[in-house]
Amino acid sequence: MKKINLVQMKEKQKGRIAGLPEGNALRNKLMSLGIYPGREVTKISHIGLRGPAAIKVGRSVLVIGHGMASKVIVEIQC
Amino acid sequence: MLRKIFLIGNPNVGKSVVFSRLTGVRVISSNYAGTTVDIMKGFLKSGEEEIEVIDLPGTYSIEPSSKAEEVAVSLLKGSPRDEFIVINIVDSTNLERNLFLTLQLIEEGLPVVVSLNMCDDAEHRGVNIDIEKLEQLLGVPVVATCAITGFGIKMLIDRFKEAKPVARNKLTHRELWQEIGDVIEQVQQLTHRHHTLRELLEDASVRPFSGMLMAIGVAFVSFQAVRFIGEWLIDNVSNPVFFKFYEPLLWKLSRYLGEESFIHHLLIGDLLDGKIDFQQSLGLLTTAPYIEFAMVLPYIVSFYLILGLLEDIGILPRLAMLMDNILHRLGLHGFAIIPVLLGLGCNVPGILATRNLESRRERFIAATLISIGVPCAALQAMIFGLLGKFSGFYVTGVYLVLFLVWLVLGVLLNRVLKGVSPELLVEIPPYRIPSFAILWHKLFLRIKGFLIEAIPVVMLGVLIVNILLYFRSFEQLSLIFAPVVKGIFGLPKESAIALIMGFFRKDVAVGMLMPLGLSIKQLFIACVLLAVSFPCVATFVIMFRELGWKDFLRSCAIMLMAMLAVGASLNFVLPH
């Protein structure tokens, strides 16, 4: 088990959410989109030049800006 | 007594299609008191009575995270409980995420009916939902619908009376998701299907390389389509109407009034070689309607048609994703691409759309950049007409210069203004097949908005030029501005009038450049300046309203500086 953030994940890698960025409003928003601790997510892609990360959560595809993505922590199998 | 029906659901679940199925044609878009959020209202006929149907903005939860969601929630909570029901529209291809809102609504004790929409799409994607079981677990009526074809809508209406508040414990977010997991386990079965072409494209569209290729392809095709449809409308609709039907009428009027009278000058304008010239006569009944209806409106129609199509297919969030890294450096995030795209049609709706951005700083940057670097369809149409005659190369050049100005100015503003760029957080919806009824309706509303905004200003603009021409006041005006126009921009002093006219209508202004006999370099500079300098007066009014006077004045100062800098450097850099 290793903890990294969404930006560091590789394409097609799976992981479980282990930490969300600070701020209640932001957390609520992420929660309502299905990003909550323990949830399994799959990285889809990353746009270069500090672009956003795309992840698959359940059947939704979510896009998260670079700064926020680097604060969403996931736990991965090594 | 059932008086109201609220439609609520996540974004991109086909809510507006259900809405139009329920209500038919009498739809009102209204601003709720004290807010700037547009909410659609319509009426459902049920026997003798009419029930009000209110389409709330899309939301993922009942804890609001934007102004639009705030309005949705306060409307729900503010209505008397026994007079309304809530139809929760759920995307059956993504039941899990949608149930979060559903359970929150039920927990609130609201009378809910669930419309399990897009059921045909779910089938295609191998998603099978046990509706009876779901109904049992939720305790509220669940109806499978496919709003695009109308399937299930009657059934939905029949079950309104069963909507009742259900007692349910309030759960924390974590517990809610736990609960949803259990429900999904019991009601949803996924059969593995081979990926359809649509799913392969959806997948490719969110990867950097293939996504960028697709975006460029879409942009190219859209651009060509807008031009093609616009030109088709001009050749086959507006020109025949003007030349075959309208012109003979004007001739009768012209002869009746007599060429020398003031009223002739006002209504018909100057005759060129004894003929009415719709572009240059500058009369209230000749040039004003011709510019508006024959030169600009066709492009506005085709632009909004294509934009509506892109919106409803689900292309825009994908563009937002791809543009996020650039926009982030301009102090915005990916979603600010939408006001920019709207601004390419008309700056007014573009600037109105900046309301959806989160901070004041973002709204200021976005509005300023749109008014300076984003040419509206009217202006683009005229630039095509004026420069396209020489070569497409010059037209491309204008776009390139404007894009550079937009980029450089954005980076500067982001550096200078205090604060940080916001982060993008958005769902990428599956591609959807658009509903033509919705497309049509949206197009109609947008065209109506444009005409109401533009007609009085075009009339006023042409009137002012007409009167100035009559009293030969242009010579004096152009003398005042001659040093700047001639010395810095390298343009003849007469073009000062066109630049001033740009304040009223960009399209009229470009029209005024035509008879001046400018060189290609001068035309190029004049076109860029018209785009970069002050936006038209309608945009001005909107900016003033949206930004407040302090930011408005700041924005104006930036516009002036941008105009001087761009005009001077083009004049200096470009060869003769």
Side-chain angles (χ1 to χ4, degrees), chain A residues 5-14 16-75, chain B residues 10 59-66 69 91 93-98 100-101 104 125 127 172-174 176-178 180-181 184 188 190 202-212 317-318 320-329 333-335 420-430:
Chain A
N5 63 40
L6 282 183
V7 176
Q8 293 162 325
M9 277 177 100
K10 295 197 176 56
E11 272 187 25
K12 292 187 182 152
Q13 197 172 25
K14 282 187 200 313
R16 274 181 196 286
I17 301 288
L20 297 179
E22 293 298 315
N24 261 337
L26 180 56
R27 282 185 176 207
N28 277 344
K29 174 107 208 214
L30 286 166
M31 281 284 221
S32 67
L33 284 164
I35 302 179
Y36 54 93
R39 182 70 161 125
E40 189 182 80
V41 300
T42 312
K43 173 95 168 236
I44 298 176
S45 65
H46 200 112
I47 308 293
L49 304 170
R50 296 174 66 81
I55 58 170
K56 190 148 181 129
V57 184
R59 297 179 64 81
S60 333
V61 176
L62 298 178
V63 167
I64 305 180
H66 190 277
M68 200 193 294
S70 64
K71 288 183 200 127
V72 176
I73 309 299
V74 286
E75 218 170 47
Chain B
N10 292 178
T59 176
Y60 291 102
S61 80
I62 57 169
E63 294 113 21
S65 67
S66 72
E69 290 181 15
D91 174 4
T93 65
N94 199 340
L95 186 60
E96 186 185 14
R97 197 207 56 221
N98 283 255
F100 189 78
L101 177 65
Q104 281 191 323
R125 288 172 197 261
V127 180
T172 64
H173 287 174
R174 285 291 288 279
L176 256 179
W177 280 113
Q178 192 73 46
I180 291 167
I184 290 292
Q188 181 176 284
L190 300 179
E202 280 167 10
D203 220 44
S205 70
V206 290
R207 291 178 198 283
F209 185 67
S210 50
M212 206 47 110
R318 292 172 163 85
M321 173 188 184
L322 294 168
M323 295 296 289
D324 185 57
N325 52 10
I326 296 180
L327 287 164
H328 198 76
R329 288 168 175 81
H333 68 50
F335 242 77
V420 286
S421 304
E423 294 286 339
L424 181 68
L425 176 57
V426 66
E427 186 205 352
I428 305 283

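Chain A is the first sequence line, chain B the second, and so forth, proteins listed ahead of strands; every chain is numbered from 1. In this text, all values refer to a predicted model and were calculated from it rather than measured experimentally. Quick note: numbers below take in every heavy atom, side chains included, and nothing from hydrogens, waters or symmetry partners.
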Judged by atom type as modelled, is there a donor-acceptor pair below 3.5 Å linking the side chain of [X] to the main-chain atoms of [Y]?
{"X": "A/Ser45", "Y": "B/Val206", "result": "yes"}
{"X": "A/Arg50", "Y": "B/Ile326", "result": "no"}
{"X": "B/Asn325", "Y": "A/Gly48", "result": "yes"}
{"X": "B/Trp177", "Y": "A/Met31", "result": "yes"}

Handout entry: Note: A/Glu11-B/Arg207 ion pair, threshold 4.0 Å (strictly below)
Key = yes
Check: Is it true that A/Arg59 and B/Glu427 have a side-chain N and a carboxylate O under 4.0 angstrom from each other?
Finding: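 Answer for the salt bridge query: no.
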With chain A, the option among B/Leu322, B/Asn10, B/Asn94, B/Asp324 that has the most non-hydrogen atom pairs under 4.5 Å is B/Asn94
Among the listed options B/Glu63, B/Arg174, B/His328, the residue most often paired with chain A at heavy-atom distances under 4.5 Å =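 The answer is B/Arg174.
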Practice item. Assess whether side chain to side chain contact (heavy atoms under 4.5 Å, CB included) is satisfied between A/Val61 and B/Asp203, documenting all intermediate values. Key: CA-CA 10 Å; A/Val61 176; B/Asp203 220 44; over 6 Å; no
At a heavy-atom distance under 4.5 Å, which candidate from [options] has the highest pair count against chain B?
{"options": "A/Leu26, A/Leu30, A/Leu62", "result": "A/Leu62"}
{"options": "A/Gly67, A/Ala54, A/Gly34, A/Pro52", "result": "A/Pro52"}
{"options": "A/Ala69, A/Ser60, A/Gly58", "result": "A/Ser60"}

Answer yes or no: does atom CD of A/Gln13 have more than 12 heavy-atom neighbours from other residues, nucleotides or ligands under 6.0 Å?
yes
Whatever's closer than 4.5 Å to a heavy atom in chain A on B/Arg329 counts as side chain
